[in-house]
Every structure is written in structure tokens, then in C-alpha cells.
Amino acid sequence: MNEKYFPTEIEERQQQRWAEAKVFEADVDESRPHFYCLEMLPYPSGRIHMGHVRNYSIGDALAAYKRMTGFNVLRPMGWDAFGMPAENAAIKNNARPDTWTFENIDTMRAQLQRVGFSYDWRREIASCTPEYYRWNQWFFVQMWKAGLLYRKNATVNWCVKCNTSLANEQAEGGFCWRHEDVPVELRQLEQWFIRVTNYADQLLDDLDTLEGGWPERVLTMQRNWIGRSQGAEVDFAIDAEISYGIRGHIRVFTTRIDTIYGANAIIIAPEHELIEQLLADGHASAELTTFVEQQKAITPQDRIAEGREKEGVFTGLHAINPFNQEKLPVWTANFVLTGYGTGAIMAVPAHDERDFEFAKKYLLPIHRVIIPIDFPGDVTLPPEQAFTDKNETCVLVNSNEWSVLKVADAQTAMTAHAEQNGFGSGKTNFKIRDWGVSRQRAWGTPLPFIHCPACGIVPVPEDQLPVELPKDLNFNTQGAPLAEHAGFVNVNCPTCGGAARRDTDTMDTFVDSSWYYFRYVDPKNTELPFDPKVAAYWTPVDQYIGGIEHAVLHLIYTRLWTKIMRDLGLVEFDEPVKNLLTQGMVCLATARCEEHDWLNPTEVLDGKCKFCGRTATIGRTEKMSKSKKNTIDPDEMINAFGSDTVRLFMLFAAPPEKDLEWDDSAVEGASRYLNRVWRIVYKWHTQIAECGMRNADSEGSAAARSLRRKTHQTIQRISNDIGQRMNFNTGVAALMELTNAIYDFDKKIDEANANDVFALQEAMEALVKMLAPFVPHIAEELWAALGHNEFVVVASWPVYDAELAKADELEIPVQINGKMSGRVIVAAEIDDEALQQAVFNDEKIKAKIAERQIVKTIVVPKRLVNIVVR
RNA sequence: GCCGGGGUGGCGGAAUUGGUAGACGCAACGGACUUAAAAUCCGUUGGAGCUACGCUCCGUGCGGGUUCGAUUCCCGCCCUCGGCACCA
């Protein structure tokens, strides 16, 4: 053992030893409990960043702890390797996206290996290889056969920068998910869609089964995104006599059928087909024509922008309320959207805020039909504001035979009534839409379909998969490179043999990441995406760790994919991830200069910009990002301090789910701590290694007993901190305390007393083992120095002895009227009565109570005594 | 507006079931060692006060409440972060 700690040297050596001994390789083993520890796979952008290091350090700590406590741990890594940046790089450098991607993968793999993460690299996958994307295609063929995949001409989100269509999830808030400053355009396009709506109910309901295992906010975000609303569709017949002879009906969607007697108008979206008809037939007023034109000119995100004034126009039509035959005017308005429900609503101003606002503006009547049961006022008068309560205490009024019913009961009864009379039915609407998976890009999985003039859409036969991407694509084109590649496009129909066209869309890259972790369990399978039997052993994932940014993207797609795989018979469960940890971001303060914009910390000298000497303003702490120049390069840190120090800092500085602010001094502190551990082990390692494994034959000195107590208390604490709570920061703190206790003991140890030396050995060995999940390299080195041949990273976790952890004396706080008033020291095994006695015998307490009258005494066994006095 | 997280020293954070608030670390200050520096080691460090080597009072965003006892539970606010939002 070297006297000094040289991190880089030992890290390299230990990584090599682990690789040679294949210690992190795991295979199916029915004799042991298994644990699947997964982190979100990176996009091979070029270099790993601190966020990756944090993410994988958390996973590494948990995986190591599980290994040491007897689990067969699956811990794979791979590459989400399709996507835009590779294509952009190809255009820019006139190179091939695969070259760029694989070079990046090589760089980043080497970086990860240098951090020493405990991956089973045999299982590595890259989604851009035909061996992988072949199964994307296989899934699409299965989904096509099952009717879960379809083509339709639809209005889709289009990003001009990506030059492709996007899914709704990728266009949240009207902006591209990759280009936050690029508003999406809407285009009409023939597209492939996955029938998410078939699974909407399950996607929502199964979230309940994830309570406890998933963060509440992720569940909330998904519930919001799926957005189920239960209600009814009701048909309002058009009164042809006063509606230019137009016949038919307007179907509205409502969640408040109980308020239908309060309806005073029907409002339809400006895009509604009736409007089209009025315009076509020349029945539209000038006012209506202008309004509709105006609305269509406004982009959807503007039309629904916050605080936008409600505007509408009467259409000239009338419809009949099927419940009371009342004739209602039909309006069109900007706040009724064509994409939700039926694109038509019944306006009930008395009980809906938007309708109320609209009715006030256009002087429509307002009829109260719901009241709280103890309503004191005149029910014939309209409310001053919309009354939207619908709880148990609300009842119907002014609603003929339905009056007096509670809201919920009325909804059931009135929906049934509508159904029986054929003018309505119960209906559930979702905000979530079918997943538009077509992309007009070339660095993605080709869709395995052929368009035949005679046979229609024909899937590529499974034995002809994969449909490989051509290697000689021209990326310097305005169009889609695949569509311009004649050799790719022109094929013969697999069914009739006639000339046909290959589909030229590629799949959304979120398809790749929807099932990648199932491929890890059986990455070389050539018959199926994975062997269901092997998957049954490893999956579902026990712990998934990644960033919050995927709360409604990847995490909803992968839940969907699991349900589809279940229905295909590949897996037998509903949810793929039992526990989810969303780790916080790695942040750093930003700095700016008027002249040079963002500055990195080394460009700020004494508060001034290095380049121009202007005052540099230190901005707020923000997520590390290249554009803000507030990044720290992991490689540089590892060169300076070693991987162990970087990991220790990240695990210690904050709990995993919180944001972590990079702090150079705290990194040095972590390094200092490891040196401190090294020094004390160095001091004793020869003596401990030489005496081998022993057991204490009798009690050692009081100091030795105290150290053993601390050792076992620490084992208990840290097992809970890592295993149950995943609070690595407090786990590290506990190890620091134990280290401090070892230093204290070092001053008092009686070297001649074998029991004292044993206490030290026990403490040091436990410490080194418990350090292994956080700082595996130094732990491995110290473990060897202490005389062990096996690897510490797979050694058995130390066993906690409750007897030894027990204190033999307790310091019991004493309160008088709940205020801290002193402490008494008593034997650990004391009963309540003796404890109380000891408190009353204490001179200080006696003096404080003095003449006062004791009302009662509360004794919390072995914890606290509180004396209530008057 | 609705939903969900937070608010504790100079800083990061701890307090696991209502029971000693501030573990552990960073920074700072004082001291030891050293020719010196680095490294290391020891000590102090929430605030105020005092008859000062011990003790008193205050203190977990604010105001109330429950309790022998509240950072923890309840009610009402404030601030903050994140998500959703003319969704019928």
C-alpha cells in the first residue's frame, strides 16, 4: 500500500481488475433474488456531462449496495443513438451520421468506463444498429396487424428547424421540444399513428398502482397530460324552419349534463362543418364570414393565449334542447376548439365561468339550475357570478322532473334518459391523442411498409426485416433524403410482385427508448426482441433513475409500450417500472458581460470580464449548459481529484432528487475526506492484515466498546439510508462520523489489548465495505490493503448486531413544562419507574422544581421525561 | 385559477413514528506544527443577554390552534419552484 493516495493510478488499476474478473456481469440465476437497476440511456452527443455522472453515480451506489446484500443485479448501459444532431452534423461536415454517432459512442463509453461505473458492458446496445431497430420494425408490423397502427391525413405539428413533424408531447406549449424558441407550424400530412387512445383509460388508472414508487409530481403531470373527462354527448336537433332549412343536429360534449336546463345557446367552433355549410350555401352573414376568416388567420397558440377576450358571432341557426324543447341560438366563438370533444358546446352561463363571461358580453340570458341545498335566495334570479360547485350539497332547480336531485344523481339519470330517447350517451374524452410517430428524417428507423397501387399498404414480411437505412444518402437536400433515394424507394410489392413504393418516413426516436431496457435482458436475440422467459426473470425494472424532463414524454410512451407488449404476449405485467427516482439537475452560477455575453467562471477575474474588463454580473444558479458556459467538464475533475471524489461530492452535497449546486470547495472537502480515510487505514493496515480474521474473546476497553457501538449503529443507519430511503447524503455523513470515531479511538487504543485491535479492525473493515457503493476504487484498494483477496464491490454487506449497537448508558433529556431543563445519565436497560426516580433524584432538577406543585410526569421510555408543574 | 413540491445558521443540508433543532460537510475565525507555505491536527462558530468556563431568553416563512411537548399535526395567510389551463 502506498503511503499517499493517488486516485488516478488506483482507479485505473481497479477498473482493470474488475473487467478481468467480470465482476459486474450478471446472468439469470434462480437461486438469488434479482434487482434491475436502470438509468436513462444517454444520447451520444459527443461527451458526457455532469448530469450523466450524477445520474449514474446514484445508480451505481444503489446497484453496489444491492450486490453486496445478495442480489443478482442487472445494470446495463446503451445509446439512444438516432436523432437530429447526427443528421445536422452530417449536413454540416458532409459526413455520414453513423460515423459521427459511433465516434461519439466510443468517446463517451471510454469516459463512462473511466468513471468506473459497474455496467455489464456485454449488454450494451445502440438503437441505430440494424440489430436493434429491426425490432422496432417488428413491433410496428405486429401493431399494424393488431390494428394499433394506422395512417391518417391529419393536421400535425411541424418544426421548421427539425424539418419534420412532431408528436403532441414534443410540441407542448406550441414550441418544439428541441427548439424552445421555434413555434410549431400546423401542416396537413398523411402520417402514421399509434392508437394511444385505446390505452388511455389504462394509462390513467394504472398510475394509481404506482403511488409510493413514483414521485407524486410525475403522477400528477401524467394525469394532467392524459386529461380524462367524463361526461355525455347530447344531440341538439337543428330547427330547420328558422335555420335556412338546414336539417340534422349538433352534437355537443358536456361534463355537466345536469345543467342542461340552464343552456341558453349552442356554441360551435369556427372550423365546425355547419359553418362550412353556411358559407358554402351563402347563408353566412357578412359579420360571420369576417369573424370566421379572422379566427382562421390566428395561430392556435395565439387564439388560446392567456387573457384573450372571448369573441363570438350568431350564426343564424337555432337548435332545440332535447330536454325541454327550448329553441337555442347557435353561436360560434373563439374559445370553442375544434380539436376537443365534438367542437361544439352547450353554453350554461349560470354554472360555467367561460359561458358566464360570454353571456355577459353578448347579453344572453342566464338561468340558474343548480343551488346549494340551503340556498336562501330567489331561485328565479340569475346568479351574480358563475356557480360551479357540484358537490354533495348541490341540487338541481328549475329543471322539471329532475329538480331536487343531487348533481351526481342527476348526471346518471339524465344521461340514461338521453340514451333511452336516442339523443345522447355517456362519453369519456381524453386530452391525450394518438401518437404521431412519422418523421420525415433520414437518421431513424425506416417504417417497414410498402405502398402498392394494387394491394394498398403491405407490411414488409418479417423474414425480410430489418429494412436497413441506405448508407449513401444525400443529406444536402431540402426534402427527405430517404424519399430521394431511388434504390430505397422503388421495390416490388411483397404480395403481388408489382411495382410499389417503400414508405419513406422514419420512426420518432422515442420509439427506440420505449422498450430498450427489455432488449438489455437478452441483447443478442435474433428470433424476438427478447426472450419472454428471460424478461420474466429480470423485469419489471426495480429502480429507474433519470431526469424529470421525461415525465410526460418517454415515461408515458414506455408505459404505453409495455401495455402493447403485454397484449402481444411478451410480458405479463402492466407497468414496466416499479420505482422511479427523478434526480435533480447539476447547477452552477452563471456570469455575463455586456460585451461578451455568457462567461465561464475562469473568464471572470475579480468580478471583471477577462476580455474587456467590464464588470461581470454573477447571475443566478442555473442548470449547467453549454450555451450558458456554466459547465464543468467531468474529465477535468477526474484528472484533478479522481472519480471517487467527484462521485462522493455529488452524492453527499444534496439528496438525489434535489438540484445540486457545483461547489469547488466542497469537492475539495470530499477529496480531503478520502485522504483522511486513506491515512488512518495506512497507519494500521499491516497490523490488521497480519492478524487475519478474529473475534473478540472478551470485552475490550471502554473506548473499544464505544467504537464497536458506533460501528454497528452506523451499519444500521446506512443500510436504511441507502436501501430504504436512497438518501445517500446522510449515508455519507454517517460514514464520516464513523471515520471521526476511528480517529478518536486511534488516540486511545491499547495496542497490547487484542480486543482493542479487533474493535479497530471491525470498524475499519465495516467502513471500507460501506464506502464501496460510493467510492468503489479507493474502497477496493483499501480492502486489499487490509488483507483481503476477494473484491469488496461484491463482498457481503456488514451485518448489524443489535446487542453491540445498544448503548449501555443513556443521556435522557428532562423537560419541565415542555422546556429543556437538564439531562440525566442512566443505565440503558432502565424501566420507566426507575427513570422517573433518577430524574427526581437529580439535584438540578430538584432545585428547578423547588416549591412548585407537580401535576403529572410524562415518561417516554428511554427517550425523555417531561415534568408538568404549576 | 387548478394540481403538486418547497421555505431550517453565512452556505449545502440533517432531524426516519409528535420527544434534546442545526448531524455531516463547506466557509470563516483562533491555535499547534513549520524557517515559511502547503498538508495535517486541535478549538470556536444560530441570535441576544448575563452576576460568563455556566446559565437565561429567543429561534425552523407569518398568524392562530391542538398537545405535557410541534420543524413535524390542524386552520388561515405570505413567498417560491415545477406542472396544467378558454378541455366544455
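Computed from a prediction, not measured in an experiment: that's the story for all the values here. Below, read A as the first sequence line, B as the second, and so on, with proteins coming before strands; counting in each chain starts at 1.
- A donor-acceptor contact shorter than 3.5 Å is absent between the side chain of A:Asp842 and the backbone of A:Val824.
- Using a 4.5 Å cut-off on side-chain heavy atoms (C-beta onward), A:Asp644 and A:Leu674 make contact.
- Look at A:Lys310 and you won't find any side-chain N or O under 4.0 angstrom from OP1 or OP2 of B:C86.
- Against the 90° criterion about 0, the sugar-base torsion of B:G9 places it in the syn range.
- Phosphate proximity of B:A85 to A:Arg223: absent, as no side-chain N or O sits under 4.0 Å from OP1 or OP2.
- For the pair A:Asn729 and A:Glu311, both in contact range of RNA chain B, the more 5′-proximal nearest nucleotide belongs to A:Asn729.
- Cation-pi check for A:Lys310 over A:Phe335 is met; the charged atom lies under 6.0 angstrom from the ring centroid and within 45 degrees of its normal.
- Proximity note for A:Ile345 (side chain, C-beta onward) versus B:A88, B:A85, B:C68: the nearest is B:A88.
- In this structure, A:Ile816 places its CD1 atom 14 Å from C1' of B:U56, rounding to the nearest Å.
- Each of B:G13, B:C57, B:A88 was ranked by its minimum atom distance to the side chain of A:Pro655; first place goes to B:G13.
- Rounded to whole angstrom, the span from the CG atom of A:Asp721 across to the P atom of B:G13 amounts to 16 Å.
- One can place CD of A:Glu216 at 11 Å from P of B:G6, the figure rounded to the nearest angstrom.
- Comparing the P positions of B:C29 and B:G82 gives an interatomic distance of 36 Å, to the nearest angstrom.
- The P atoms of B:U16 and B:G61 are separated by 16 Å, rounded to the nearest whole Å.
- Phosphate proximity of B:C42 to A:Lys747: present, with a side-chain N or O under 4.0 Å from OP1 or OP2.
- Between A:Glu311 and A:Lys361 there is a side-chain heavy-atom pair separated by less than 4.5 Å.
- Checked against B:U20, B:G19, B:C41, the side chain of A:Pro813 finds its nearest nucleotide in B:U20.
- Across all strands, A:Val860 comes closer than 4.0 Å to base atoms (heavy-atom distances).
- With rounding to whole Å, A:Glu549 atom CD is found 12 Å from B:G83 atom P.
- Between B:C24 and B:U8, the distance separating the two C1' atoms is 16 Å to the nearest Å.
- Taking the side chain as every heavy atom from C-beta outward, A:Pro329 and A:Tyr362 never approach each other to under 4.5 Å.
- Distances from the side chain of A:Asn224 to the nucleotides B:C24, B:G83, B:G4 place B:G83 closest.
- Across A:His712, A:Gln713, A:Gln716, a single residue satisfies side-chain hydrogen bond (donor to acceptor under 3.5 Å, both in side chains) together with A:Tyr800, and that is A:Gln716.
- Going from atom CD of A:Gln815 over to atom C1' of B:G18 covers 11 Å, rounded to whole Å.
- Rounded to whole Å, atom P of B:C81 lies 18 Å from atom NZ of A:Lys623.
- Closest to the side chain of A:Arg676, out of B:C41, B:C3, B:C87, is B:C41.
- If you take CH2 of A:Trp225 and P of B:G83, they are 13 Å apart, rounded to a whole angstrom.
- For A:Asn334, counting side-chain heavy atoms from C-beta on, the closest listed nucleotide (B:U16, B:C86, B:C41) is B:C86.
- Phosphate contact (OP1/OP2 of B:C87, side-chain N/O of A:Arg354, threshold under 4.0 Å): present.
- Spacing of P atoms, B:C73 relative to B:G7, comes out at 11 Å, to the nearest Å.
- Nucleic acid contact class of A:Gly669 (heavy atoms, under 4.0 Å, all strands): sugar-phosphate only.
- Residue A:Glu737 is the one, among A:Glu737 and A:Asn817, whose nearest nucleotide of RNA chain B lies closer to the 5' end (criterion: closest heavy atom).
- In this structure, OG1 on A:Thr645 lies 11.0 Å from CE on A:Met637, to the nearest 0.5 angstrom.
- Taking only side-chain atoms of A:Tyr340, from C-beta outward, the nucleotide of B:C55, B:C26, B:C87 with the closest atom is B:C87.
- Here, B:C58 and B:A21 have their C1' atoms 14 Å apart, quoted to the whole Å.
- Taking side-chain N and O atoms only, A:Lys819 has no distance below 4.0 Å to OP1 or OP2 of B:U20.
- Within 4.0 Å (heavy atoms only), A:Glu357 reaches no atom of the nucleic acid at all.
- When the C1' atom is used for both B:U45 and B:G22, the distance is 12 Å, rounded to whole Å.
- Which of B:U16, B:A23, B:C26 sits closest to the side chain of A:Ser665 comes down to B:C26.
- When side chains are defined from C-beta on, A:Leu210 counts as touching A:Leu207, because their heavy atoms get closer than 4.5 Å.
- Between A:Arg672 and B:C26 there is a side-chain N or O to OP1 or OP2 distance below 4.0 Å.
- Neither OP1 nor OP2 of B:G5 sits under 4.0 Å from any side-chain N or O of A:Lys658.
- Phosphate proximity of B:C81 to A:Arg217: absent, as no side-chain N or O sits under 4.0 Å from OP1 or OP2.
- B:G4 and B:G54: their C1' atoms are spaced 49 Å apart (whole Å).
- Contacts of A:Lys844 with the nucleic acid, taken as non-hydrogen atoms under 4.0 Å apart, involve only primed sugar atoms and P, OP1 or OP2.
- Residue A:Ser229 has a polar side-chain atom (N or O) positioned under 4.0 Å from OP1 or OP2 of B:A88.
- Of the side-chain N and O atoms in A:Asn740, none sit less than 4.0 angstrom from OP1 or OP2 of B:C24.
- Among the nucleotides B:C41, B:C3, B:C87, the one closest to any side-chain atom of A:Arg679 is B:C41.
- Atom name P, nucleotides B:C11 and B:G47: the rounded distance is 12 Å, in whole Å.
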Dot-bracket for RNA chain B, 5' to 3', Watson-Crick and G-U pairs with both distances under 3.5 Å, [ ] for crossing pairs, | for partner on another strand, reads (((((((..(((......[....))).(((((.......))))).(((((...)))))..(((((..]....))))))))))))....
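- Not one N or O on the side chain of A:Asp258 forms a donor-acceptor pair closer than 3.5 Å with the backbone of A:Gln411.
- Atom C1' of nucleotide B:C68 and atom CG of A:Leu864 are separated by 10 Å, given to the nearest angstrom.
- Relative to the side chain of A:Arg717, the nucleotides B:U20, B:U16, B:C26 differ in distance, and B:U16 lies closest.
- Looking at heavy atoms from C-beta onward, A:Glu233 lies in side-chain contact with A:Thr342 at the 4.5 angstrom threshold.
- Using a cut-off of 4.0 Å between Lys/Arg side-chain N and Asp/Glu carboxylate O, A:Arg223 and A:Glu211 are scored as salt-bridged.
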